[in-house]
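Below is one structure, written out as structure tokens; the observations come after it.
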2 protein chains.
Amino acid sequence: MKNKVIQIGVVSELTGLSERQIRYYEDRKLVFPERSRGGVRKYSFEDIQIIMEIHSKMSNGFHTLELKRMMAGS
Amino acid sequence: MKNKVIQIGVVSELTGLSERQIRYYEDRKLVFPERSRGGVRKYSFEDIQIIMEIHSKMSNGFHTLELKRMMAGS
DNA sequence: CGTGTAAGGAATTCTGACACG
DNA sequence: CGTGTAAGGAATTCTGACACG
């Protein structure tokens, strides 16, 4: 489940989120995909879980910065 | 494990086989990846297991046609 | 039979920016 | 702040074919 093998297009399909949103979470240091030599992002199923949790909490009014604090404090 | 989400480049890395070999197994009806709208192959971890078994048995002298019979008879 | 490769095209992804608010 | 989008380039994948044997 921690194998980073899934590209962003599939993550987008599985989560229902846009690629823009998914990349933004990375920009905010909430998810950490690996990269292929060419620079293509690779996610794990665990990452997908995290991404869905992030989106869920944001729907509840949390900001990315708050979420980062929450993750650091866990 | 049966989620078809992995592209051929990653399968190639994980198995150590060439993309040519992996596509050939599909041509021989031994593996059945899904396709994205654009036609890109998507494999599951289970598919990767199967691919490695195919390669292993071929190293032991089996032909693809024989392997197909073996899989059908299981 | 199984696999390498060059060829040309198509799908996918990447980044930085502008926009809205 | 979080996300949509158009823009241009780059990485990845696809197919059909020729080659060897």
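Proteins come first, then strands; the chains are lettered A, B, ... in the order of their sequence lines, and each starts at number 1. Here the structure is a predicted model, which is why all the values come from computation and not from measurement. Only heavy atoms go into these numbers, but all of them, side chains included; no hydrogens, no water, no symmetry mates.
- For A/Gln7, a side-chain nitrogen or oxygen approaches OP1 or OP2 of C/dT13 to under 4.0 Å.
- Counting non-hydrogen atoms under 4.0 angstrom, A/Tyr25 reaches the backbone sugars and phosphates but no base.
- Partner assigned to D/dA17 is C/dT5, using Watson-Crick or G-U wobble distances below 3.5 angstrom.
- To the nearest 0.5 Å, the span separating OG on A/Ser44 from CD1 on A/Ile51 amounts to 8.5 Å.
- In this entry the distance linking CG of B/Asp27 with P of C/dG2 reads 10 Å, nearest Å.
- Here D/dG2 presents its P atom at 16 Å from CD1 of A/Ile51, a figure rounded to the nearest Å.
- Pairing for D/dT12 is with C/dA10, a Watson-Crick or G-U wobble pair whose two hydrogen-bonding atom distances lie under 3.5 Å.
- Atoms CD and CD, from A/Glu53 and A/Gln49 in turn, are 7.0 Å apart once rounded to the nearest 0.5 Å.
- The residue among A/Thr64 and A/Val40 whose nearest nucleotide of DNA chain D lies closer to the 5′ end is A/Thr64.
- Contact annotation: B/Gln21 side-chain N/O to C/dG2 OP1/OP2 distance is not under 4.0 Å.
- Contact check for A/Val5 versus B/Phe45: side-chain heavy atoms found under the 4.5 Å cut-off.
- Of the side-chain N and O atoms in B/Arg41, none sit less than 4.0 angstrom from OP1 or OP2 of C/dT12.
- Expressed to the nearest 0.5 Å, how far OG1 of A/Thr15 lies from CD1 of A/Ile8 amounts to 9.0 Å.
- Distance, B/Lys42 NZ to C/dT12 C1': 8 Å, rounded to whole Å.
- Inspection of the A/Gln21 and A/Ser18 side chains reveals an N or O donor paired with an N or O acceptor under 3.5 Å.
- OP1 or OP2 of C/dC14 has at least one side-chain nitrogen or oxygen of A/Arg23 nearer than 4.0 Å.
- If you find the closest nucleotide of DNA chain C to B/Arg28 and to B/Gly39, the one lying nearer the 5' end belongs to B/Arg28.
- Judged by atom type and distance alone, A/Arg20 reaches the base of D/dT5 through a side-chain donor-acceptor pair under 3.5 Å.
- Across the protein-nucleic acid pair, A/Leu65 atom CG and D/dG2 atom P stand 8 Å apart, rounded to whole Å.
- Side-chain N/O atoms of B/Arg35 include one lying less than 4.0 angstrom from OP1 or OP2 on D/dT15.
- Of the residues near DNA chain D, A/Ser36 and A/Tyr24, the one whose nearest nucleotide (by heavy atom distance) lies more toward the 5' end is A/Tyr24.
- Distance, B/Leu30 CG to C/dG2 P: 9 Å, rounded to whole Å.
- Straight-line distance from the CD atom of B/Glu19 to the P atom of C/dA7: 18 Å, rounded to whole Å.
- The CG-C1' distance, from B/Leu17 to C/dG4, rounds to 14 Å in whole Å.
- Remark: P of C/dC14 and OH of A/Tyr43 are 7 Å apart, rounded to the nearest angstrom.
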